[in-house]
Amino acid sequence: MWLVLVFVTLVFGILAGLYAWTVFQKLAESKIDNPRVAELSDIIHKGAMAFLKKEYTWLVPFVGVVAILLAISLGIGQAFAFVLGALCSATAGWFGMYVATQANGRTTYAASDNSTGNAAGNALEAAFSGGSIVGMVVVGLGLIGLAIAYLFLNDVSSLTAFGMGASSIALFARVGGGIYTKAADVGADLVGKVEAGIPEDDPRNPAVIADNVGDNVGDIAGMGADLFESYVNSILAAMAIGAVYTFTPGVANSELGLWGIGFPLFLSAWGIFASIIGCMMISRKAPFSDTVISIAKKFPGMNPVIERIDEGDAAFALRTGTFVAGGLMIAGTFVLSILFFFSNSFNVFLAVTSGVLAGILIGIMTEVYTSGDYKFVQDVAASSETGSSTVILSGISLGMLSTGIPVLLICISTLISYYLAGMFGVAVAAVGMLSITGISLSVDAYGPIADNAGGIAEMSELPEGVRKITDHLDAIGNTTAAMGKGLAIGSAALTALALFVAYSQAAKIDKIDIMNPYVIVGLLIGGMLPFIFCSLSIDAVSKAANSMIEEVRRQFHEIAGIMEGTGKPEYERCVEISTHAALTQMIVPGVMAIVVPVLVGFILGKEALGGLLGGSIVTGVMMALFMSNSGGAWDNAKKYIEEGHFNGKGSPNHAAAVIGDTVGDPFKDTAGPSLNILIKLMTVVALVLAPLF
């Protein structure tokens, strides 16, 4: 039976890889018939890959030391799984970076080439092709890695080290990438936009190349590794609980065993199939446009929908593909639940569905709080009338308020799934949230590619119409990215809770007694850690941004003719600043996530460690929601003003909004998303090392 699980998992992982390879071949065939676009695309590609090579060189000794310690303390199997998880996570980041930096220039050229009469549609297809390759590589490597580890170990408890390896690399990638990109972004914005009064991505800005490289480093490689570890850890948590779970407590020999192990694997495998179908529906025109139009014409009042489809509306296409994948996922879950659990099938199906629906609703609420189409962001933009201080205050207030509904949705999903199928239900609800990661990440990764394409268009001095197309795609990408972050936070909460239960089982802890002083100490330490982690991350961005600002100011002052366009900025110096800051400042936050749980477990005991995990989950989820949504709101408030509202670009309102955005940058792209990984990494470290406590 377990060989069947391995085979099916491997087949669907390979299927995702084959789909990604097919799309990549098609993308590679498209050419960039503009020398300047090709040159800039190549510079960004080389800069991004050079950084990633350096980052991975720094991480090899860390992986080696941890693997040796695991081999000595827990055996060679744990060490093998850890190294494999780290390798798969790093590979997902590398492929994502490579593809994205190949797709950005092609998106720019597609937006400028109107020979087919549909430049906007061609640009969407190029950008989404790059995104879909990233998404499918991540889920494909996830299932292939799990299949290989399970084949060699045939032991779920040893398999959890795979998740530890994935989370370790993901945390460094997220923190390092976030520091890199935000140092460049803040420096470019504050000196370029505010002080020099030049547009975003203006080639006269020395930080512009570092900024565009950073988009890939943080939002592609970092995000790819982040979603990879979320994906595999949700599966591992469900497998660990499913192996020993029983629907009828106290009944001998009634554990789910291989059925409980296999269900999350099959669920994820079906998610890959559903994601591929969803991705195939997103093309230069909205999915199956002719068929949809012919059906829509038969119903009254459908003309607005027909017009959006016929025009190739990008947002409509992306959402339709995602919803189709979600619908297929729910239908497949129903069938799999019947096949695996018979009399309890409907309970499991509803538990998974509750996770899927909670994820969708959290994503929608994130859009409401962070999109310029809604009142919340418009109010932040309006606060620019009285300066940058009120912009910052209104953004902080919005971020705090935005924790309410998502947390309630997480609570409702947790209670419903637990009532229906116990902790196994909670675990598979998290798998349900992440089951269509293939298309979710595809839509998410498309955003940074479109953003880079706009930067290349600006630096290449292409016609205004080209930038209008890329800006439109980028704006949609900002919304989808914000929704993706909301989904990641929701799934992180459920996955961390499931991993926490798995740790309790492994450590043989029946309950966490908050009257126990050791548990209270653990709770306080755990609640403190996300704040210390955010402090280190934001301070790293601040220090790096200071260096970047000073360098950009120096070049504006010392390089003759730079503002007239006759002097060439020293782009490579800004790239060096971001690279050095990212690599040196990522170490302490990353190591802290592993060392602190180990010290608490050995010094204060397994119950105190349980308290630490509980405290970190509570404050980590709140801080992640608050920081991600505040940052997203500041970003889109700035864009809302740039669209012409509240006096538009170049006004004092715009300057105030830019300052708010620079505060929000490390919130939403460095500290906020890294917290998702932090709480899961600490929990999976505790789970792996539980036999030692």
Side-chain angles (χ1 to χ4, degrees), residues 156-157 159-164 166-167 171 229-230 232-245 260 264 351 355 407 410-411 413-415 417-418 421-431 433-434 488-514 516 518-530 593-594 596-598 600-601 604-624 675-693:
V156 174
S157 60
L159 204 60
T160 52
F162 182 91
M164 179 179 168
S167 294
L171 188 63
E229 74 86 26
S230 297
V232 299
N233 275 318
S234 69
I235 299 170
L236 286 169
M239 291 172 69
I241 294 174
V244 297
Y245 186 74
V407 168
I410 293 169
C411 293
S413 177
T414 301
L415 291 175
S417 55
Y418 180 80
M423 284 311 304
F424 182 66
V426 176
V428 293
V431 177
M433 274 191 182
L434 291 166
I489 295 167
S491 64
L494 292 183
T495 301
L497 181 58
L499 287 168
F500 177 72
V501 172
Y503 162 73
S504 300
Q505 293 174 344
K508 296 180 172 56
I509 300 174
D510 294 328
K511 60 183 178 180
I512 302 292
D513 182 6
I514 62 170
N516 183 331
Y518 287 94
V519 173
I520 289 291
V521 169
L523 278 168
L524 291 172
I525 294 173
M528 169 193 72
L529 285 175
I594 296 176
V596 174
V598 174
V600 170
L604 299 178
K606 58 186 181 183
E607 287 84 5
L609 180 54
L612 178 144
L613 300 178
S616 69
I617 291 170
V618 171
T619 59
V621 169
M622 304 301 169
M623 287 287 287
L675 285 171
N676 303 330
I677 311 171
L678 176 74
I679 61 176
K680 285 176 288 184
L681 176 56
M682 291 196 296
T683 313
V684 80
V685 166
L687 174 58
V688 170
L689 300 182
L692 302 178
F693 299 139

Pairs of donor and acceptor atoms involving the side chains of residues 612-621, under 3.5 Å and at least two apart or interchain, shall be tabulated with distances.
{"from": "Ser616", "atom 1": "OG", "to": "Leu612", "atom 2": "O", "distance (Å)": "3.3"}
{"from": "Ser616", "atom 1": "OG", "to": "Leu613", "atom 2": "O", "distance (Å)": "2.9"}
{"from": "Thr619", "atom 1": "OG1", "to": "Gly527", "atom 2": "O", "distance (Å)": "3.1"}
{"from": "Thr619", "atom 1": "OG1", "to": "Gly615", "atom 2": "O", "distance (Å)": "3.2"}

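Rounded to the nearest 0.5 angstrom, Leu236 CG and Met164 CE are separated by 13.0 Å. For the atom pair CZ (Phe162) and CG (Asn233), the distance works out to 9.5 Å, reported to the nearest 0.5 Å. To the nearest 0.5 Å, atom CE of residue Met239 and atom CG of residue Leu159 are 5.0 Å apart. Taking CG of Leu681 as the reference point, atom CG of Leu499 lies at 10.5 Å (rounded to 0.5 Å). The OH atom of Tyr418 lies 10.5 Å from the CG atom of Leu497; values are rounded to the nearest 0.5 Å. Distance check, rounded to the nearest 0.5 Å: CG of Asn676 to OG of Ser167 gives 11.0 Å.
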Side chain to side chain contact (heavy atoms under 4.5 Å, CB included) between Asn516 and Ile520: does it pass, once the steps are laid out?
CA-CA 6 Å; Asn516 183 331; Ile520 289 291; over 6 Å; no
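Here Thr160 pairs with Leu687, Val688 under the side chain to side chain contact (heavy atoms under 4.5 Å, CB included) rule; sequence neighbours left out. For Leu415, there are no side chain to side chain contact (heavy atoms under 4.5 Å, CB included) partners two or more places apart in sequence or in a different chain. Take Ala498 and apply the side chain to side chain contact (heavy atoms under 4.5 Å, CB included) test, not counting sequence neighbours, and it matches Ala237, Ile241, Ala427. Applying the side chain to side chain contact (heavy atoms under 4.5 Å, CB included) rule to Ile512 yields the partners Phe500, Ile509, Val519; only residues at least two apart in sequence or on another chain are considered.
Residues Ala593 and Leu171 approach most closely at CB-CD2, 3.6 Å, considering heavy atoms. Annotation for Ala238 and Val431: closest pair CB-CG2, 3.8 Å, computed over non-hydrogen atoms. The nearest pair of heavy atoms linking Pro597 to Leu609 is O-CD1, 3.5 Å.
For the side-chain hydrogen bond (donor to acceptor under 3.5 Å, both in side chains) condition, the pairs that include at least one residue of residues 678-693, sequence neighbours left out, are Glu229-Lys680, Ser230-Lys680. Applying the salt bridge (charged side-chain N to carboxylate O under 4.0 Å, His left out) definition to pairs two or more places apart or across chains, none involves residues 609-619.
For CD1 of Ile514, the number of neighbouring non-hydrogen atoms (other residues, nucleotides, ligands) closer than 6.0 Å is 12 at most.
Residues Val244 and Gln505 meet the side-chain proximity criterion, which asks for heavy atoms closer than 4.5 Å. Contact check for Val596 versus Met682: no side-chain heavy atoms found under the 4.5 Å cut-off.
A donor-acceptor pair under 3.5 Å is formed between the side chain of Ser417 and the backbone N or O of Thr414. Formation of a donor-acceptor pair under 3.5 Å by the Tyr503 side chain with backbone atoms of Lys606 is found in this model.
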